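Just so it is clear, the values below take in all heavy atoms, side chains as well, and ignore hydrogens, waters and symmetry mates. A note on names: the letters A, B, ... follow the listed sequences, proteins ahead of strands, and every chain is numbered from 1. Here the structure is a predicted model, which is why all the values come from computation and not from measurement.
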Amino acid sequence: MAGQGLDQPHACEIETWLAEQEEQRRQLWKNAFRNARPTFFVAAALFVAALARTPSDIWATVLMMSSMAVAVSAIRFIDPLQKWRDRHSAELSSRVFARSGFSWAIDTPSEFLAPFEELGLLPEYERRLLHDYVTGSVGPVRVELTEAAFFIKNRENREIRKFLGLLIKYEASKPFSGVTVIRERSGFLGATPPRVAADRVYLEDKNFEDAFDVYSTDQVEARYLVTPLFMERMCLLRKVAYDFEALIADTRPIHAVFANGHLWIALDLQRGVFARPSIFTDLRLNGDVDLFLADIGLIGDIAKILNLDAKTKV
Amino acid sequence: MQFSTILLVLAAVILVGGYVWYVSLITRRNEVREAMGSIDVQLRKRFDLLPNIVALAQKFMTHERELLEGLTALRSKVAEPYAKDDPAAVAAHLEASRALEAGMMRFFAVAENYPELRSAETVTRAQETFEEVEGNIAAARRFYNSAVTRLNNAVEIFPGSIIARFANVQPFPFYEVEDAAAREPVDVNKLMA
């Protein structure tokens with residue numbers, strides 16, 4: 001059953017709604033094919049006419065290309081399906097997030113990104129995409145997040161993606177006044193100092209030191225926040241959040257900063273989250289809801305793994 | 001190349017290297033001083049809790065006079081100025097702060113037997129502040145021990161040991177748990193018996 005992560009009544013509700021949506025999807029496809037039929041007939045006629053001419057005849061080429069152009073133009077009949085898909089996706093997000101105790105909006109306020117940029121958590125980019133702005137609480141810990149993608153042009157003027165994942169802001173339970181940066185290592189030549197003027201902090205956990213660099217404006221506060229148990233938890237989070245392909249891509253998957261009373265995290269998952277349904281597959285069978293719930297679960301898992309609601313010194 | 005030129009270059013290398021090592025030793029000793037200062041800031045927050053608590057406790061804990069007087073004495077000892085460059089003085093200061101920490105924890109444990117004292121707002125707030133300060137002290141302790149490790153490595157490993165003797169830089173004590181019982185693993189069976 002879809003939505004197995006939800007409790008029974010909500011899972012049934014989602015099932016019923018998905019069945020209705022699937023009916024709509026099929027109807028829209030039928031309409032699209034029906035509307036496209038005259039276009040396909042014209043394309044087929046042009047194709048047959050092209051075949052009837054001798055290959056060396058210029059008109060054969062013109063008719064063939066016209067036939068292809070007309071056939072391709074039939075794609076405009078999928079527009080209603082694309083629009084329907086966007087509405088369905090918004091409705092699905094709204095329902096699943098609400099059932100999980102979060103609020104959701106498709107657009108992210110532009111001011112949400114500014115602190116991440118100031119704290120040096122983002123790569124250099126020329127174009128950005130932000131969507132799926134989620135707010136809520138994981139236990140007593142307030143959380144805000146957005147899905148983000150950043151792109152930049154390389155020397156060949158080709159656009160490459162530098163980041164695809166989540167930008168998350170958790171409320172920190174411990175009081176602190178400075179800035180402490182935790183960055184995943186990108187290798188000896190790739191290590192660049194953080195944007196914040198901070199000193200390197202050397203900590204005791206060898207596994208953590210091999211994976212992360214820590215910088216802070218206050219050496220004592222850094223150790224107050226990054227306790228031995230916190231270091232173990234960051235290493236565990238690294239294992240939980242990423243699969244092997246992402247790690248060997250050397251893309252610095254996790255950056256975190258303690259600043260302004262919050263823990264700011266940039267998770268470069270190298271994949272989209274909060275699944276967008278496909279217009280080509282049966283909505284009841286493609287597991288979108290379960291993937292959705294797994295991604296929502298990740299938000300809570302991060303807070304639990306890092307023990308963000310703890311007021312104790314560990 | 002003449003032998004004298006080679007000797008000159010060698011002497012220059014040794015002098016420059018020795019100076020660099022000397023600078024490194026002084027820098028690391030200053031880091032230890034900075035770390036010690038951080039600990040003192042937190043220790044001060046901790047023992048500033050004491051006067052109000054002891055004044056209130058004296059009204060209720062009439063049979064715990066020895067404990068209260070001991071706490072007051074330990075507080076005075078920790079508040080005494082000490083030579084931050086003298087490892088023996090630093091060790092004595094750290095020992096006194098450890099004793100004060102143990103005394104305060106014993107006080108809060110004993111205060112559990114006095115409901116009127118336990119529920120007093122002063123004591124409740126002091127206990128919360130104490131716990132928060134303990135977190136900061138633990139962090140300051142880790143910073144201090146890290147700085148001491150770097151200094152002691154530089155002082156004790158040749159040729160740093162020679163340069164340290166000339167510069168009068170000595171190894172410093174670590175701020176660690178002294179109570180052997182605290183290091184023992186907890187035997188749950190004994191607790192449950």
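When heavy atoms are compared at a cutoff of 4.5 Å, A/P175 approaches chain B solely by way of its side chain, counted from C-beta outward. Within the 4.5 angstrom heavy-atom criterion, only backbone atoms of A/V226 (N, CA, C, O) approach chain B. Only the side chain of A/E204 has a heavy atom closer than 4.5 Å to any heavy atom of chain B.
What you find for B/F143 and A/R223 is that their closest heavy atoms are N-CD, 3.4 Å. Closest approach of B/A139 and A/V220 over heavy atoms only: CB-O, 3.3 Å. The shortest non-hydrogen separation linking A/L203 to B/R142 is CD2-NH2, 3.6 Å. Residues A/Y202 and B/S146 approach most closely at O-OG, 4.2 Å, considering heavy atoms.
Counted within 6.0 Å of CZ on A/R142, heavy atoms from surrounding residues, nucleotides or ligands total more than 12; the atom is thus considered enclosed. Remark: B/Y22 OH is loosely packed, at most 12 non-hydrogen atoms of other residues, nucleotides or ligands lying under 6.0 Å away.
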